[in-house]
2 protein chains.
Amino acid sequence: MKISKRAYYGLRAAVSLAEADGPVSARELAEREHIPEDFLEKILQKLRKTGIVESTKGVEGGYTFANKAASVWDILKSLDGPVRTFSSPGGKGTLPCDFPSHCRTNDVLRRLEIEIEKTLSGMTIGHLNEQLTTHNKQREDKDENRIKSCE
Amino acid sequence: MKISKRAYYGLRAAVSLAEADGPVSARELAEREHIPEDFLEKILQKLRKTGIVESTKGVEGGYTFANKAASVWDILKSLDGPVRTFSSPGGKGTLPCDFPSHCRTNDVLRRLEIEIEKTLSGMTIGHLNEQLTTHNKQREDKDENRIKSCE
DNA sequence: TTTAAATAGGACTAAATTAGTCTTACTTTG
DNA sequence: CAAAGTAAGACTAATTTAGTCCTATTTAAA
């Protein structure tokens with residue numbers, strides 16, 4: 001039930017990209033976010049394949065955020081594959097079976113899955129970044145607290 | 001974001017124990033639920049430590065379900081430790097910091113965590129087993145579908 | 001009172017997943 | 001054409017999960 005580093009890095013990268021205005025190179029982004037560069041590259045490539053991020057090659061190239069409507073859920077799905085908390089009872093969950101505890105447990109987990117999806121689909125990166133803006137403003141006010149409060 | 005086998009087995013064991021009337025030995029339970037015996041033993045010991053299950057030693061001993069009010073959440077917590085989807089921003093999540101994406105991301109994950117807890121705390125084993133009873137009744141009606149529908 | 005059926009618990013191993021690296025190739029702008 | 005970038009796949013290392021093994025202790029029944 002822990003989120004993977006991949007997903008965690010990916011979320012942070014997305015948030016960071018979304019507030020940048022031009023393309024940002026993987027190297028630059030890795031520095032900004034303190035993420036291992038090669039690993040971040042892989043992550044960005046996955047996000048590109050699902051259209052969350054766009055890339056331009058060559059000098060002055062880099063990654064841009066492509067879809068402000070993308071939700072946290074979309075990002076997690078892109079990076080870790082479909083969230084599958086339960087092992088499938090053969091497709092038709094309503095049928096009776098020989099191991100009732102198995103089916104019941106799957107029902108619970110399926111409900112959980114739906115709940116998680118609902119929660120995360122409601123949070124878009126755009127929304128996150130509104131919060132971010134406010135956050136940054138507050139930050140400028142209390143500059144002296146910065147470093148130790150987030151590590 | 002996958003549930004562990006430990007948790008999955010544990011849930012099934014709990015459901016199964018809760019519908020039994022006497023104590024059930026680990027061996028017997030392992031057979032009923034198709035769970036590796038030694039592994040199940042470990043799981044049951046964890047569940048015992050958190051009071052979800054009780055044990056009696058010796059011949060005719062075994063495990064009994066101890067707390068019908070226990071929720072799915074309680075069981076998962078017992079088995080996999082506290083669900084910690086985010087890496088802590090030093091305790092005070094509202095303070096500004098040098099890596100805003102870090103804090104924002106943690107906020108999201110913390111909200112997710114709360115949502116998961118809410119969902120799972122609402123499901124007690126007692127409730128699950130009411131469903132189970134209905135389920136078993138239905139099962140007796142359509143006996144021929146049993147085996148292949150749940151594997 | 002012995003014996004068989006249980007739990008208790010710790011140490012260990014194997015398998016799988018996750019995290020991260022390395023290498024090589026390709027693309028684009030200056 | 002050179003520098004700064006992405007693209008992609010193979011590889012390795014570290015961590016976690018799953019599962020096993022062994023030894024001790026408890027208890028009811030024969």
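Letters go in sequence order (proteins before strands), and every chain restarts at 1.
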d([atom1], [X]; [atom2], [N]) in whole Å:
X: A:Glu41; N: D:dG5; atom1: CD; atom2: P; value: 11 Å
X: B:Ile43; N: C:dG9; atom1: CD1; atom2: P; value: 16 Å
X: A:Leu79; N: C:dT17; atom1: CG; atom2: C1'; value: 16 Å
X: B:Leu44; N: D:dG19; atom1: CG; atom2: P; value: 14 Å
X: A:Ile3; N: D:dT16; atom1: CD1; atom2: P; value: 16 Å
X: A:Leu47; N: D:dA8; atom1: CG; atom2: P; value: 14 Å
X: B:Glu54; N: D:dT27; atom1: CD; atom2: C1'; value: 17 Å
X: B:Leu40; N: C:dA6; atom1: CG; atom2: P; value: 13 Å

Going by an N to O cut-off under 4.0 Å, is there a salt bridge joining [X] and [Y]?
X: A:Glu31; Y: A:Arg27; result: no
X: B:Arg110; Y: B:Glu113; result: no
X: A:Glu115; Y: A:Arg111; result: no

With a 4.0 Å cutoff (strictly under), does any side-chain N or O of [X] reach OP1 or OP2 of [N]?
X: A:Tyr8; N: C:dT18; result: no
X: B:Arg27; N: C:dA4; result: no
X: B:Arg48; N: C:dA8; result: yes

_Can you tell me which residue among B:Lys46, B:Lys5, B:Arg6 is in a salt bridge (charged side-chain N to carboxylate O under 4.0 Å, His left out) with B:Asp80?_
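Only match with B:Asp80 under salt bridge (charged side-chain N to carboxylate O under 4.0 Å, His left out): B:Arg6.
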
So which protein nitrogen or oxygen atoms get under 3.5 Å of nucleotides 20-27 of chain C's nitrogens or oxygens?
| residue | atom | partner | partner atom | Å |
| --- | --- | --- | --- | --- |
| C:dT27 | O4' | A:Lys57 | NZ | 3.4 |

_Where B:Gly51 and B:Ala66 come nearest, the two heavy atoms and their spacing_ =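 That would be O-CB, 3.7 Å.
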
*Determine the minimum heavy-atom distance between B:Gly10 and B:Leu47, stating which atoms define it.*
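For B:Gly10 and B:Leu47, the tightest heavy-atom pair comes out as O-CD1, 4.2 Å.
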
*Among the nucleotides D:dT6, C:dA8, D:dA8, which one has an atom lying closest to any side-chain atom of A:Ser55?*
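Of the options given, the side chain of A:Ser55 lies nearest D:dT6.
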
*Look at all strands and tell whether A:Gln45 reaches a base, only sugar-phosphate, or nothing, counting heavy atoms closer than 4.0 Å.*
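The residue A:Gln45 makes base contact.
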
*Could you point out which residue of B:Glu41, B:Glu54, B:Arg48 forms a side chain to side chain donor-acceptor pair (under 3.5 Å) with B:Tyr63?*
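Checked B:Glu41, B:Glu54, B:Arg48 against B:Tyr63; only one passes side chain to side chain donor-acceptor pair (under 3.5 Å): B:Glu41.
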
